[in-house]
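Below: one structure, written as structure tokens.
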Amino acid sequence: MRMLPGQLRMRVLIAFRFLRTLSMLDIQLLRNQMPLVAESLAKRGMRLDVSAFETLEEERKQLQTRTQELQARRNALSKQIGMLKGKGEDASAVMAEVGGIGDELKANEQALSALLERINGFVAALPNLPHESVPEGADESANVEVLKWGTPREFDFEVNDHVDVGARLGLLDFETAAKISGARFTITRGGLARLHRALAQFMLDTHVREHGYTEVTVPFLVNPASMYGTGQLPKFEEDLFAVPKADGGRFYLIPTAEVPVTNMVRDELLAADALPLKFVCHTPCFRSEAGSYGRDTRGMIRQHQFEKVELVRVETPERSWDALEELCSHAEAILQKLDLPYRKIVLCTGDMGFSAAKTYDLEVWLPAQNTYREISSCSNTGAFQARRMQARFKNPQGKNEFVHTLNGSGLAVGRTLVAVLENYQQADGSVSIPKALQPYMGGLEVLVP
RNA sequence: GGAUAGGUGGCAGAGCGGUUGAAUGCACCGGUCUUGAAAACCGGCGAUCCUUCGCGGGAUCCGUGGGUUCGAAUCCCACCCUAUCCGCCA
């Protein structure tokens, strides 16, 4: 198989990263607590080949020790040559001796770097370890409901789904979007377009004014290193849209603001008093949805392009677990203010994303589907992303330590619009506007056909 | 797209091919002085990996990769990135 230039660069980048950071999981943990790590990964349905790793490690130690011995000898002898020449004495005997080291040293160095790349390939495929509080299970059926909020409304008429509600209003148009772009795109018009904008504004304002987040705007096109930092690459390239650059490189369209916002601290060494960082960011998100051809084809639940208001936090390890609860409550606050019934679940070990140590999903009630659907996902990745990104802070003991990074939707704007249309629809085809949004709609109380 | 300049420790900024992991300043930590603080003075202060129970010892890292050399931050080549100016453009 021919390798694309981007992939080649990625492999080079990974090899380079490995030498600097040695892993995505903590390599020390892997070396010293192998059984524990294996057990933890097993909970995620991930079988860790312990003996394969130990063999590689054994080989690495031998090779590294031998290489370093040779390097030490070469350095010492070369230093002697410098001293002899400085005194104007003859150094040819020493030069002959050091010359003999060259071949073996070069062979050792090459073998070592090849081996390091193999070990990296092994470690890079490992997902984050689940937090101890995460319930064990193989798939979504083992997720655990934490709470239900609100009561689904009783309808005294036949409920329509958001596609029909939007059609009756004449403000939601999939056909024209399909003509322009293809499947999984949407056009909204008039009051509905404004309602969509109002939702995003309302979320931003709430998180800034009431929850203390700093609003940021960021690039929507990012480089491969950023995708690697947050964990989308190298494993999940097929989920992304790529844009080629004239120089042969590529940009990726962000699948979530988590990528650019979290990468703001990549390669940074932060002062302890700079933490926590709390950012809120409204962006479009682009996803290829390559693995979900048959799912949610109707309506605007699953799109190639949607908008999201994202919360990102950079925390110290001591505080990150409290911060996750807090962040999730901030996302919940939006649903509560909009009076949309939802439930909160904690994902089991088998259903979590690659980078996450623990994830809460918020699911909003959709009456037409008679079920709850995901509208937010809030995760603590611990030091997993920070280790990939080299994002550190100087702890009170003066030691450099990896930060913990968290992110969560607060909320997905498109799906929130769906939820409002379905939950606030009325028998005559109109849709009343949630109280909290009316100030953002110039006081408008209802959208009428 | 064209033309320059530059990428060195948390930051700024030195660095004739040879005891340079790197001067100096700032920041930071400890101490002296002070009623306290500031100032001044003294001392300390990079990361990662290997080895050791520990003390310690060793290796690698000056944008990235490669080359020359007994020896490279320093010389050569390629690439990446940043800044500035010109052109074009929302």
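These numbers were taken from a predicted model, which means no experiment stands behind them. Quick note on labels: first sequence line is chain A, next is B, and so on, each numbered from 1.
- Between B:U8 and B:A3, the two C1' atoms lie 26 Å apart (nearest whole Å).
- The side chain of A:T65 sits closest to B:C50 out of B:A59, B:C50, B:C70.
- More than 12 heavy atoms of other residues, nucleotides or ligands sit less than 6.0 Å from atom NZ of A:K245.
- Applying the Watson-Crick and G-U wobble criteria (two distances, each under 3.5 Å), B:C55 pairs with nothing in any strand.
- Look at A:N75 and you won't find any side-chain N or O under 4.0 angstrom from OP1 or OP2 of B:G71.
- Across all strands shown, B:G71 forms no Watson-Crick or G-U wobble pair with both distances under 3.5 Å.
- Across all strands shown, B:A3 is found opposite B:U84 as a Watson-Crick or G-U wobble partner, with both distances under 3.5 Å.
- Listed candidates were B:A47, B:G71, B:C50. Nearest to the side chain of A:Q68 is B:C50.
- Here B:A59 is the nucleotide among B:A47, B:G67, B:A59 with the atom lying nearest to any side-chain atom of A:A72.
- Side chain of A:M83, nearest nucleotide from B:A47, B:U19, B:C50: B:U19.
- Nucleotides B:A22 and B:A37 have their C1' atoms positioned 36 Å apart, rounded to a whole Å.
- Geometric assessment of A:R388 against the ring of A:Y228 yields a positive cation-pi assignment under the 6.0 Å and 45° thresholds.
- Rounded to whole Å, the P atom of B:A40 lies 8 Å from the corresponding atom of B:C26.
- Base pairing analysis places B:G65 opposite B:C77; the two distances defining the Watson-Crick or G-U wobble pair are each below 3.5 Å.
- A:S320 and A:N380 are linked by a side-chain donor-acceptor pair at a separation below 3.5 angstrom, with hydrogens and angles left out of the test.
- Put simply, A:K245 has a side-chain N or O that comes within less than 4.0 Å of OP1 or OP2 on B:C81.
- Nucleotide B:G17 forms a pair with no other nucleotide shown, judged by Watson-Crick or G-U wobble geometry with both contacts under 3.5 Å.
- Looking at heavy-atom distances under 4.0 Å, A:K61 makes contact with sugar-phosphate atoms alone, never a base.
- Along RNA chain B, the nucleotide nearest to A:L269 and the one nearest to A:K394 differ in position, and the one closer to the 5' end is contacted by A:L269.
- Atom-to-atom, CD1 of A:I101 to C1' of B:G71 comes out at 12 Å; the value is rounded to the nearest Å.
- B:G15 and B:A73: their C1' atoms are spaced 8 Å apart (whole Å).
- Toward the 5' end of RNA chain B, the nearer of the two residues A:V98 and A:T67, judged by each one's closest nucleotide, is A:T67.
- Side-chain contact annotation: A:Q71 with A:E109, donor-acceptor N/O pair under 3.5 Å present.
- Sorted by first and then second residue, the pairs that involve residues 195-215 of chain A and meet salt bridge (charged side-chain N to carboxylate O under 4.0 Å, His left out), not counting sequence neighbours, are A:D205-A:R209, A:E210-A:K337.
- Rounded to a whole angstrom, the distance from the C1' atom of B:C62 to that of B:G7 is 10 Å.
- In the model, A:S377 has a side-chain atom that pairs as donor or acceptor with a side-chain atom of A:D361 under 3.5 Å.
- Between A:L77 atom CG and B:G58 atom C1' the separation is 15 Å, expressed in whole Å.
- An OP1 or OP2 oxygen of B:U60 is reached within less than 4.0 angstrom by a side-chain nitrogen or oxygen of A:R74.
- Here B:A59 presents its P atom at 17 Å from CG of A:L63, a figure rounded to the nearest Å.
- Distance check on atom P: B:C29 versus B:A83 gives 33 Å, rounded to whole Å.
- To the nearest angstrom, P of B:C61 lies 14 Å from CG of A:L116.
- Across the P atoms, B:C86 and B:A14 are found 27 Å apart, a figure rounded to whole Å.
- Rounded to a whole Å, the CG atom of A:L112 is 20 Å from the P atom of B:G58.
- Spacing between atom CZ of A:R73 and atom C1' of B:G71 amounts to 15 Å, rounded to whole angstrom units.
- Here the P atom of nucleotide B:A47 and the CG atom of A:D267 are 16 Å apart, to the nearest Å.
- Side-chain atoms of A:R60 lie closest to B:C49 of the nucleotides B:G18, B:A47, B:C49.
- With C1' as the reference atom, B:U51 and B:G44 are 26 Å apart, rounded to whole Å.
- Counting to the nearest Å, the C1' atom of B:G65 and the CD atom of A:E109 are 15 Å from each other.
- For B:G10, the OP1/OP2 oxygens have no side-chain nitrogen or oxygen of A:N400 closer than 4.0 Å.
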Query - A:Q385 vs A:E258, side-chain hydrogen bond (donor to acceptor under 3.5 Å, both in side chains): CA-CA, chis, key distance, verdict - result: CA-CA 11 Å; A:Q385 290 178 333; A:E258 170 197 345; 2.8 Å; yes
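- If you check every strand for non-hydrogen atoms under 4.0 Å, A:I81 touches a base.
- B:G9: no Watson-Crick or G-U partner with both key distances under 3.5 Å is found in any strand.
- Side-chain contact check for A:H162 and A:E422: at least one donor-acceptor pair (N or O, by modelled atom type) lies under 3.5 Å.
- Minimum atom distance to the side chain of A:Q71 is reached by B:U60, of the listed B:C50, B:G18, B:U60.
- With both pairing distances under 3.5 Å, B:G43 is matched to B:C29 as a Watson-Crick or G-U wobble pair.
- Considering only the side chain of A:Q64, B:C49 comes nearest among B:C49, B:A47, B:C70.
- Look at B:A38: it lacks any Watson-Crick or wobble partner with both distances under 3.5 angstrom.
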